Amino acid sequence: MASTHALNSSALIPFCLILIISTNAAAITAHQQQHFKQAPKFYNSPTCATTALEHTHTCSDDAVHVAMTLDITYLRGSMAAILSVLQHSSCPENVVFHFVTAASRTSSSALLNRTLSNSFPYLNFQIYPFNDLQVAGLISTSIRSALDCPLNYARNYLANLLPSCVRKIVYLDSDLVLVDDIAKLAATPLGDHNSNNTVLAAPEYCNANFSAYFTPSFWSNPSLSLTFAGRRPCYFNTGVMVIDLQRWRAGDYTRKIEEWMELQKRMRIYELGSLPPFLLVFAGNIGPVDHRWNQHGLGGDNFRGLCRDLHPGPVSLLHWSGKGKPWARLDANRPCPLDALWAPYDLLQTPFALEA
């Protein structure tokens with residue numbers, strides 16, 4: 001019986017590869033029909049550091065380093081996010097973007113590079129290929145298929161992908177816009193290197209039902225549930241994080257996350273994609289960030305994507321996490337009220353504008 005199962009599993013591999021290639025080809029075709037406007041150039045204010053970033057920007061400590069994944073499916077959202085970062089930055093010329101793309105999609109990577117260069121000709125950026133097919137073997141199915149995309153797990157590998165000289169980054173999802181200076185978020189303290197081992201910072205939501213992120217099998221197994229012993233774990237959203245890459249590398253946190261993913265393949269301990277391994281490793285041990293920096297959940301839940309209101313309090317970042325994305329709802333003429341806050345950052349060139 002075991003050999004039959006193995007045969008059936010291996011027989012599925014060519015089908016999966018064909019499905020990935022076909023889906024990618026369709027996405028590339030759709031992208032080729034999209035045109036993006038060129039964004040204006042944004043200049044540093046007089047108070048910015050005067051380091052000549054054009055030659056040393058990849059490793060500059062004076063830069064704000066921003067990491068994002070980049071793919072054709074979410075490109076429209078990524079373009080809006082980039083524009084919002086630059087538009088609200090006091091030192092936009094000192095922002096360096098590190099984009100991670102799927103290594104298996106070389107043709108789409110070339111398109112992405114060209115699109116970025118055309119719309120942001122002055123952007124400081126690097127593109128890093130991520131071995132998405134290798135990590136695919138570690139991924140378990142979750143409650144929404146979009147969460148199972150290997151590129152969603154690229155944030156686990158940033159410390160390996162980016163140059164070792166990059167010490168600290170702000171990680172951002174593609175379905176958000178900033179309305180405040182990203183330098184403020186990047187300046188989040190993670191403690192002195194001699195006295196503090198905080199690896200990342202993010203807004204925490206301790207009123208959320210933390211136990212719901214894991215299965216009854218997890219909580220009923222003392223050897224697993226004791227993982228959180230001595231911690232006060234709270235939910236945090238991994239779409240906005242400030243990460244100390246030096247401490248990440250020193251603590252080998254990529255491997256710690258992979259170990260939980262490997263266990264998940266053997267026994268079901270969670271349901272929600274790439275988030276639970278982060279919670280297992282970091283929850284209760286992260287640095288604080290004000291909630292204003294991740295007004296998340298604007299895309300509704302993972303099933304219906306219904307409209308939601310903002311959380312109480314000030315707003316520095318709007319995040320359409322969840323099933324509903326603002327560009328899709330706007331195109332369908334069924335936008336939620338808050339989608340109007342995303343629309344001004346949309347660089348998509350409409351047919352009407354092209355004709356004009």
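In this chain, numbering begins with 1 at the start of the sequence shown. As the structure is a computational prediction, the values presented were derived from the model and not from experiment.
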### Message
Please identify which of these residues, F125, Y171, Y128, meets the ring pair (Phe, Tyr, Trp, His ring centres under 6.0 Å) condition with H98.
### Response
Y128
### Query
With no hydrogens and no angle check, is any side-chain donor or acceptor of S321 less than 3.5 Å from a backbone partner on G297?
yes
### Query
Backbone N or O of L224 within a donor-acceptor pair of the T227 side chain at under 3.5 Å?
yes
#### Entry: Lys/Arg-Asp/Glu bridge criterion (N-O < 4.0 Å) met for D290, K184
no
### Task
Salt-bridge test for E258 and R255: reply yes if a basic N is under 4.0 Å from a carboxylate O, no otherwise.
yes
### Message
For F210 together with F228, are the ring centres under 6.0 Å from each other?
### Response
yes
### Task
Assess the pair Y153 and F130: is the distance between their ring centroids shorter than 6.0 Å?
no
### Message
Parallel, tilted or perpendicular: which one describes the rings of Y205 and Y235, with boundaries at 30° and 60°?
### Response
tilted
### Message
Students often mix this up, so state it plainly: with edges at 30° and 60°, are the rings of F282 and W248 parallel, tilted or perpendicular?
### Response
tilted
Answer yes if the side chains of [X] and [Y] hold a donor-acceptor pair under 3.5 Å, and no otherwise.
| X | Y | value |
| --- | --- | --- |
| W320 | D339 | yes |
| R155 | T238 | yes |
| N44 | N94 | yes |
| Y122 | N124 | no |

Atom [atom1] of [X]: over 12 foreign heavy atoms under 6.0 Å:
| X | atom1 | value |
| --- | --- | --- |
| R167 | CZ | no |
| R231 | CZ | yes |
| Q134 | CD | no |

### Spacing of CG belonging to L116 relative to OG belonging to S78, to within rounding of 0.5 Å
8.5 Å
### Query
Which heavy atom in L348 sits nearest to a heavy atom in D346, and how many Å separate them?
N-OD1, 3.1 Å
### Task
Work out which heavy atom in R247 is nearest to a heavy atom in L190; give both atom names and the distance.
NH1-O, 2.5 Å
